[in-house]
Structures are given as structure tokens and as C-alpha cells.
Novice: 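Here it is, the structure in full.
Note that the structure is predicted; figures quoted are calculated from it, not measured. The figures that follow rest on heavy atoms only: side chains count, while hydrogens, waters and symmetry mates do not.
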Amino acid sequence: MTKAAHPAEVLLGAQAGAVSLPVCDHYSGVEARMKKSLALQAEMADEFGACVFDVTLDCEDGAPVGGEAEHAALVTELALAAKPGMRVGVRVHPVDHPAFAGDVITIAGRAGHRLSHLMVPKVESVADVAQAVAALEAADADALPLHVLIESPLAVHNAFEIAAHPRVQSLSFGLMDFVSAHAGAIPADGMGAAGQFTHPLVVRAKLAIASAAHAYGKVPSHCVVTEFNDTGAMRLAARKAAAEFGYTRMWSIHPNQIRPILEAFAPDEAQIQIATKIITNAALANWAPTQIDGTLHDRASYRHFWQVLTRAHATGRALPPEAKTWFALAAS
């Protein structure tokens, strides 16, 4: 089978799936926890045969007041020392914070070539994105992808324009700040594992962000679940985010949350088998429309089932030999 017939090259033409990222983004900001997170990332990469989650080192909430420069230097050294092949990002301060410029100069200027992304919090408009891009260009890190946090009603209103910016790779929903931005109009349980899926304003924001991301082929990343010791609540929230709200990635704030997120966002065995059958038959038909088990399929459905296999591969799921071939060809 020729390289030109590879599904990743044939199944183009839709916004969805233009960017592919690990389904879990794990945050830590305290030195000991950042080191443990990086060690766990390397261990699980060996276990799954792929880097199955990002580690984002946190300067916004992790840096002590007055110690921002020292913390930026620390996360830079940690990022540079991470195991080769691991995906490591950094969350800097907001663009209007006094420490933002120093964060970018230190972190992106020294370790930009090593980072998978830079997370910019409290982005309100595309002007904030432009300011972040200008800072990265000044630090000679103009190729570093930007991830942005949508954390206010105004940011939600501007989500489509923000997602359209070519440097933005992912939009995350900042639940806690979003709720507090409503001056008490959303009750505190809107920040909880259950309430965040039922309060109308929170639900509306989640759907708007997911829709904006998908409209421009970007990755929507779901917000935190703060009840990190409640594994059942975490699993339920992750399943809802993936199956009902259109998210393809989710934040973790505790190591206990990483595997539930991987499980919730990974296709199950039945989905993998169906997707493998359809993609294999599509390739044999040279990607022309074909009938499989009494159902007509064409490139629209082929694209969906290829995305299923891509997600399975990214989450370390076992793949049938036929499906493994596609990813072996892509890696060669």
C-alpha cells in the first residue's frame, strides 16, 4: 500500500481533527509535585508505548507572590531536564500581569524549543492572543503553540474569534474563575463535579467553547474536577465531557485523575474493532464509497472512524494488527 493511500493523508478536508493532542493535560506547580509529574509521565509512556498525557508546569498559581522570577527559572530547568520525547508545557501569568513578560523571556526564551505548548490564562479577546504572540516572537519562540484559558463571560462571547487565531492550538474552560466572575449569580455548587454539568450558564459556556474549538479545528480541553479523591465523580465527569459535551481533552490536577481521564476518552474495544474493519475495507476500496454490514460509508464516516483509531493509539489502547500497520507507516 503506497504512502499516498495512508488515511491521515486521504481523509482531509474537515476542520475536525486538524490538531491532535493527548487527551489528558496534567497540571502541577509545586516543585516536588512537578518533579513527580514528570517522572510519572515518563513511567506511563514506557507502560503505554506513547506519551499519553501532557504535563503543564504552572507559574500562575504555582509561583509564590514575589517569587515569580525564581519560579519561572525553576520550571524552565525542569522542562529542559524532562525525558526526551515527553510533552511538557508551561502555564504563564496572564498578559496583563507584571510577571508575564519575564515569564515569556525566561521560559520561552530558554526552553521554547523543548516545550509542547505555552498556556496563557484569562484570555479575554483575540487582542490578548496577539499580545502573547508578540511576546513569543520577541523571545524567538514564534513556533511555540499557544493554549488559552477561557475564564469569563466575555471570553466565552469571544471564543470563536479566539479559536480562529492561527497560533491557538487549544481552548480550555476555566470553571472556577468563570463561576466567580458572575458575582454570586452562579451558586458555589456550579463548581462541583455534579453542578458544573447542570447549571445552565456553565453548560452554555462549555458548549460554546467546544463548538468554537471544533469550528476551527482546535482542541477543546475540559475543566478540572476539584474532588480529586472521588474517583467515581471523576470518571462520570470525564465520560460526560467526552460523550455529551464534545471535549477531546481534559485537565488533571492530581495523579489519581490521569487514568480515569484516559479511560473515559479512549474508545472501547467494540469501537476499535468496528473502526478497524471500516478503515481496512475503505482502503481496499481506494477510499470510494462502500457498503459494510448493510450500511453505506464514504469519506465522511471514514474520517470519523479514523479519528477513533487515532484516539485509541494516542491513549495507549491495544490495536488489531491491521490498525497497527497504519501507525507504523506513519512513524516510518
Side-chain angles (χ1 to χ4, degrees), residues 21-29 37 53-58 60-62 89 91-92 94 117 119-124 146-160 162-163 168-182 185-214 218-265:
L21 298 175
V23 300
C24 181
D25 188 10
H26 180 66
Y27 276 72
S28 55
S37 297
F53 68 94
D54 285 357
V55 169
T56 300
L57 307 174
D58 187 18
E60 186 190 20
D61 292 336
R91 176 166 69 166
V92 296
H117 62 275
M119 167 61 77
V120 181
K122 296 179 175 58
V123 169
E124 292 284 285
L146 280 177
H147 295 189
V148 301
L149 256 171
I150 306 297
E151 303 181 75
S152 74
L154 179 60
V156 172
H157 176 75
N158 292 326
F160 279 81
I162 292 168
V168 171
Q169 191 179 60
S170 175
L171 276 67
S172 291
F173 178 42
L175 171 67
M176 316 301 282
D177 281 281
F178 179 81
V179 170
S180 64
H182 284 76
I186 301 176
D189 63 9
M191 295 184 283
Q196 64 171 281
F197 290 101
T198 56
H199 192 282
L201 285 173
V202 180
V203 168
R204 175 180 173 273
K206 288 188 181 188
L207 294 174
I209 292 166
S211 181
H214 288 302
K218 310 302 174 65
V219 175
S221 188
H222 194 265
C223 59
V224 300
V225 171
T226 57
E227 300 93 327
F228 55 80
N229 283 324
D230 189 339
T231 305
M234 183 65 221
R235 286 199 175 97
L236 181 60
R239 285 198 296 266
K240 281 181 172 289
E244 300 176 26
F245 283 76
Y247 283 80
T248 57
R249 179 170 161 99
M250 187 169 181
W251 282 36
S252 160
I253 55 172
H254 191 278
N256 291 344
Q257 297 181 328
I258 294 172
R259 289 182 187 272
I261 291 173
L262 292 177
E263 292 167 5
F265 281 81

Novice: Tell me whether Ser180 contacts the main-chain N or O of Met176 through its side chain, where contact means a donor paired with an acceptor under 3.5 Å.
Specialist: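 Flag set: sc Ser180 to bb Met176 pair under 3.5 Å.
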Novice: Apply the test side-chain contact (heavy atoms from CB on, under 4.5 Å) to residues Gln196 and Val179: give CA-CA distance (whole Å), side-chain angles for both, the deciding distance (0.1 Å), then the verdict.
Specialist: CA-CA 9 Å; Gln196 64 171 281; Val179 170; over 6 Å; no
Novice: For side-chain contact (heavy atoms from CB on, under 4.5 Å), just list the numbers for Thr231 and Asn256, CA-CA rounded to whole Å, side-chain angles, deciding distance to a tenth of an Å, and then say yes or no.
Specialist: CA-CA 8 Å; Thr231 305; Asn256 291 344; 5.5 Å; no
Novice: Check Ala205 against Phe178 and note the closest heavy-atom contact, atom names and distance.
Specialist: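 That closest heavy-atom pairing would be CB-CZ, 3.5 Å.
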Novice: Quick one: side-chain hydrogen bond (donor to acceptor under 3.5 Å, both in side chains) pairs with a partner in residues 148-159, sequence neighbours left out?
Specialist: Glu124-Ser152
Novice: State, to 0.1 Å, how close Arg249 and Cys24 come at their nearest heavy-atom pair, and which atoms those are.
Specialist: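 Arg249 and Cys24 have their closest heavy atoms at NH1-O, 4.1 Å.
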Novice: Assign the ring pair Phe53 / His26 to parallel, tilted or perpendicular, where the plane angle (0 to 90°) is split at 30° and 60°.
Specialist: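 Perpendicular.
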Novice: Heavy-atom distance under 4.5 Å between the side chains of Lys122 and Glu60, does that happen here?
Specialist: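 SC-SC contact between Lys122 and Glu60 confirmed.
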Novice: Could you tell me if the side chain of Pro187 sits less than 4.5 Å from the side chain of His199, heavy atoms only?
Specialist: yes
Novice: Before you tell me yes or no, could you show the steps for Ile186 and Met191 under side-chain contact (heavy atoms from CB on, under 4.5 Å), namely the whole-Å CA-CA distance, both residues' side-chain angles and the distance that decides it to 0.1 Å?
Specialist: CA-CA 9 Å; Ile186 301 176; Met191 295 184 283; over 6 Å; no
Novice: Taking only residues at least two apart or on different chains, which pairs with a member in residues 189-206 satisfy salt bridge (Lys or Arg N to Asp or Glu O under 4.0 Å)?
Specialist: none
Novice: Using a distance-only test with no angle check, is there a side-chain donor-acceptor pair under 3.5 angstrom linking His117 and Thr56?
Specialist: yes
Novice: Output, in order, the C-alpha distance, side-chain angles, deciding distance and verdict of side-chain contact (heavy atoms from CB on, under 4.5 Å) for Thr248 and Val23.
Specialist: CA-CA 6 Å; Thr248 57; Val23 300; 5.9 Å; no
Novice: Has the side chain of Ser170 got a donor or acceptor atom that lies under 3.5 Å from a matching backbone atom of Val219?
Specialist: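 Such a contact is found between Ser170 side chain and Val219 backbone.
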Novice: Is Phe245 close to Val203 at the side-chain level, that is, under 4.5 Å between some pair of heavy atoms?
Specialist: yes
Novice: Which pair of non-hydrogen atoms, one from Ala264 and one from Ala238, has the smallest distance, and what is that distance?
Specialist: CB-CB, 3.4 Å
Novice: Output the distance between atom CD (Gln257) and atom CG (Asn229), rounded to the nearest 0.5 Å.
Specialist: 9.0 Å
Novice: State, to 0.1 Å, how close Ser252 and Ile258 come at their nearest heavy-atom pair, and which atoms those are.
Specialist: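 Taking every non-hydrogen atom into account, OG-CG1, 3.6 Å.
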Novice: Look up atom CD in Glu244 and atom CG in Leu207, then write down how far apart they are to the nearest 0.5 Å.
Specialist: 10.0 Å
Novice: If you measure from CD1 on Ile150 to CZ on Phe173, what distance do you get to the nearest 0.5 Å?
Specialist: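 Output value for this atom pair is 10.0 Å.
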Novice: State whether the side chain of Lys240 and the backbone N or O of Phe197 hold a donor-acceptor pair below 3.5 Å, judged by distance alone.
Specialist: no
Novice: Distance from Glu263 atom CD to Met234 atom CE, nearest 0.5 Å?
Specialist: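 Answer rounded to 0.5 Å: 10.5 Å.
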Novice: So, do Ser221 and His147 sit near enough that their side-chain heavy atoms are less than 4.5 Å apart?
Specialist: no
Novice: Out of the candidates Leu149, Leu146, Ile162, only one should pair with Val123 under the side-chain contact (heavy atoms from CB on, under 4.5 Å) rule; please name it.
Specialist: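 The residue from Leu149, Leu146, Ile162 that satisfies side-chain contact (heavy atoms from CB on, under 4.5 Å) with Val123 turns out to be Ile162.
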Novice: Mind checking whether Tyr247 and His222 have parallel, tilted or perpendicular rings, split at 30° and 60°?
Specialist: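 Answer is perpendicular, since the angle exceeds 60°.
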Novice: Quick one: closest heavy-atom pair of Ala237 and Val225, and the distance?
Specialist: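 Closest pair (atom of Ala237, atom of Val225, distance): CB-CG2, 3.6 Å.
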Novice: Let me confirm one number: the CG-CD1 distance from Asp58 to Ile253, rounded to the nearest 0.5 Å.
Specialist: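 The CD1 atom of Ile253 is 11.0 Å from CG of Asp58, to the nearest 0.5 Å.
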Novice: Just verifying a value: how many Å separate Ser37 OG and His254 NE2, rounded to the nearest 0.5 Å?
Specialist: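 Those atoms lie 10.0 Å apart.
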Novice: Which atoms form the tightest heavy-atom contact between Ala163 and Ala212, and what is the distance?
Specialist: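 Between these two residues, the closest heavy atoms are CB-O, 3.5 Å.
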Novice: Test of understanding: with side-chain contact (heavy atoms from CB on, under 4.5 Å), list the residues that count as partners of Thr198, not counting sequence neighbours.
Specialist: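 None.
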